[in-house]
Amino acid sequence: MSQYQSELLRLMEERGYVHQLTDATGLDALAARQVVPGYIGFDATAPSLHVGSLVQIMLLRRLQQAGHKPIVLMGGGTTRIGDPTGRDESRKMLTDQAIAENIAGIRTVFEKLLVFGDGPSEAVMVDNHDWLGGLGYIEMLQKVGTHFTVNRMLSFDSVRLRLEREQPMTFLEFNYMILQGYDFRHLAQTMGARLQMGGSDQWGNIVNGVELGRRMDGVELFGLTTPLLITADGAKMGKTAAGAVWLNEGQLPAYDFWQYWRNVDDRDVGRFLRLFTDLPLEEIAKLEALQGAEINDAKITLANEVTALVRGREAARSAEATAAATFAGGGMGEDLPVLRLGAEGIRVGAALTALGFAASGGEAKRKLAEGAVRLDGEAVSDPAHEIRLAPGVEARLSLGKKRHAILRG
């Protein structure tokens with residue numbers, strides 16, 4: 001029996017989203033009696049978010065499913081500074097055009113997972129550059145800066161860890177937490193936002209915003225963070241040897257996205273089904289209980305459901321069909337990634353890195369030496385092996401049993 005009265009916190013608790021809450025009782029009571037506008041911020045550093053951000057996007061989806069209003073805050077302003085949390089070096093500066101293009105690319109994923117509109121519980125997307133860009137520096141220092149002490153700011157992990165590692169932090173980055181706190185206050189004033197959510201590494205920044213709203217306006221704000229998302233084998237969610245698992249098709253083909261979920265550790269299946277799909281909890285419990293080879297059925301369900309949410313149901317069906325053709329019949333599979341070869345051909349080691357099957361030439365050599373690489377089913381061990389194909393001719397390059405690509409002349 002849940003300890004919460006509101007559908008919002010019951011849903012969050014049952015699905016495994018809750019790590020920390022600033023005031024669980026207060027938020028529970030508020031959510032039980034009214035629509036709660038809540039937000040999460042996303043910086044626009046790339047044209048797509050990756051799987052590491054998907055739990056936050058699903059948080060907004062759950063907020064809407066429980067009848068509340070999601071606010072997607074794009075950091076058009078804070079992207080110009082860079083969040084120092086978890087980073088050992090400063091982020092490179094982006095142009096205004098690059099930030100705008102990144103925001104447009106990121107929006108496409110949210111449009112699949114949230115219902116946007118003007119209704120009480122319909123989602124909106126806002127850009128903090130709209131208000132941060134117009135702030136005068138002296139005005140900011142006078143109004144907001146007095147509510148932050150340097151002593152406390154130095155105690156936050158985002159600052160303390162960087163300094164302990166003797167990595168430089170610019171004064172620009174040092175201001176990030178002040179601007180994030182100001183975002184919460186601005187959204188509370190202009191849109192009635194009462195809740196900020198984020199990953200556990202954002203706890204300090206969220207608490208700053210809660211306290212700033214109380215000190216400046218006497219308003220009660222709330223914060224919720226999710227657990228740190230580490231896979232069962234200890235890896236950070238969304239990171240693979242080949243790089244980030246991007247949410248947008250333009251950065252990662254649907255087949256590779258599907259395969260990421262199909263290949264998760266057995267121990268992660270139940271947790272990921274709760275976090276990343278809309279399947280009923282009773283059905284998830286049955287899938288989670290499968291043993292031995294049958295757990296693969298649960299993984300296929302996970303891959304299909306997540307891919308359907310993020311890329312569309314047709315993309316999920318196509319990816320599953322390609323996987324079945326590839327593994328069962330040795331076929332090419334129309335959704336496999338394709339590497340087009342020029343007349344000069346390509347060395348097999350270079351092909352592995354070009355496809356993202358290996359992160360470097362050194363890793364490609366190791367995979368080849370281990371006998372993990374096959375070209376049309378035949379083992380290849382020499383990284384200098386030349387692959388030349390006539391125009392229109394195809395060959396299949398495989399790394400292990402799970403990664404395949406088409407080479408096309």
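Just the heavy atoms: all of them, side chains too, but no hydrogens, waters or symmetry mates, feed the values below.
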Any salt bridge between [X] and [Y], counting N to O under 4.0 Å?
X    : Y    : result
R317 : E314 : yes
D265 : K299 : no
R215 : E211 : yes
E305 : R313 : yes

Handout entry: ring pair (Phe, Tyr, Trp, His ring centres under 6.0 Å) pairs, two or more places apart, involving residues 186-231
Key =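 Counting only pairs at least two positions apart or across chains, the ring pair (Phe, Tyr, Trp, His ring centres under 6.0 Å) contacts touching residues 186-231 are W131-H186.
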Practice task
Test the R107-F116 pair against the cation-pi criterion, namely NZ or CZ under 6.0 angstrom from the six-membered ring centroid and within 45° of the ring axis.
Solution key: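 Satisfied, under 6.0 Å and within 45°.
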Problem - Neighbour count above 12 (heavy atom, 6.0 Å) for K286 NZ - result: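 Open.
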Exercise for the section: Please check if atom CD in E370 has more than 12 non-hydrogen atoms from other residues, nucleotides or ligands closer than 6.0 Å. Expected result: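 Atom CD in E370 is packed in, count exceeds 12.
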Problem - Test ring pair (Phe, Tyr, Trp, His ring centres under 6.0 Å) applied to F276 and W261, step by step - result: CA-CA 10 Å; F276 300 115; W261 299 99; 5.2 Å; yes
Exercise for the section: Take V264 and T231 through the side-chain contact (heavy atoms from CB on, under 4.5 Å) test and state the conclusion after the steps. Expected result: CA-CA 8 Å; V264 300; T231 60; over 6 Å; no
Exercise for the section: Give, for atom CG of D23 and atom CD of E220, the distance between the pair rounded to the nearest 0.5 Å. Expected result: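 Atom-to-atom, D23:CG and E220:CD are 5.5 Å apart.
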Between [Y] and [X], do the side chains contain a donor N or O and an acceptor N or O under 3.5 Å apart?
X    : Y    : result
H68  : S121 : no
R262 : Q259 : no
D28  : Q5   : no
N205 : Q196 : no
D43  : T45  : no
Q180 : Q202 : yes

Handout entry: L355/L407 under side-chain contact (heavy atoms from CB on, under 4.5 Å): CA gap, chis, key distance, verdict
Key = CA-CA 10 Å; L355 287 161; L407 306 181; 4.3 Å; yes
Over all atoms of both residues, closest heavy-atom pair of [X] and [Y]:
X    : Y    : answer
K69  : L63  : O-CD2, 3.4 Å
M197 : L60  : CE-CD2, 3.9 Å
A44  : I103 : CB-CG1, 3.6 Å

Exercise for the section: Identify, with sequence neighbours excluded, every residue that meets side-chain contact (heavy atoms from CB on, under 4.5 Å) alongside E288. Expected result: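 Checked E288 against side-chain contact (heavy atoms from CB on, under 4.5 Å); matches are R274.
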Practice task
For R311, check side chain to side chain donor-acceptor pair (under 3.5 Å) against everything at least two apart and list the hits.
Solution key: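 Only E249 meet the side chain to side chain donor-acceptor pair (under 3.5 Å) criterion with R311.
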Problem - From CA spacing to verdict: salt bridge (Lys or Arg N to Asp or Glu O under 4.0 Å), R267, D233 - result: CA-CA 9 Å; R267 296 166 291 178; D233 60 3; over 6 Å; no
Practice task
For the residue pair F257 and L247, establish whether any side-chain heavy-atom pair is separated by less than 4.5 Å.
Solution key: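 In short, these two side chains touch, coming nearer than 4.5 Å.
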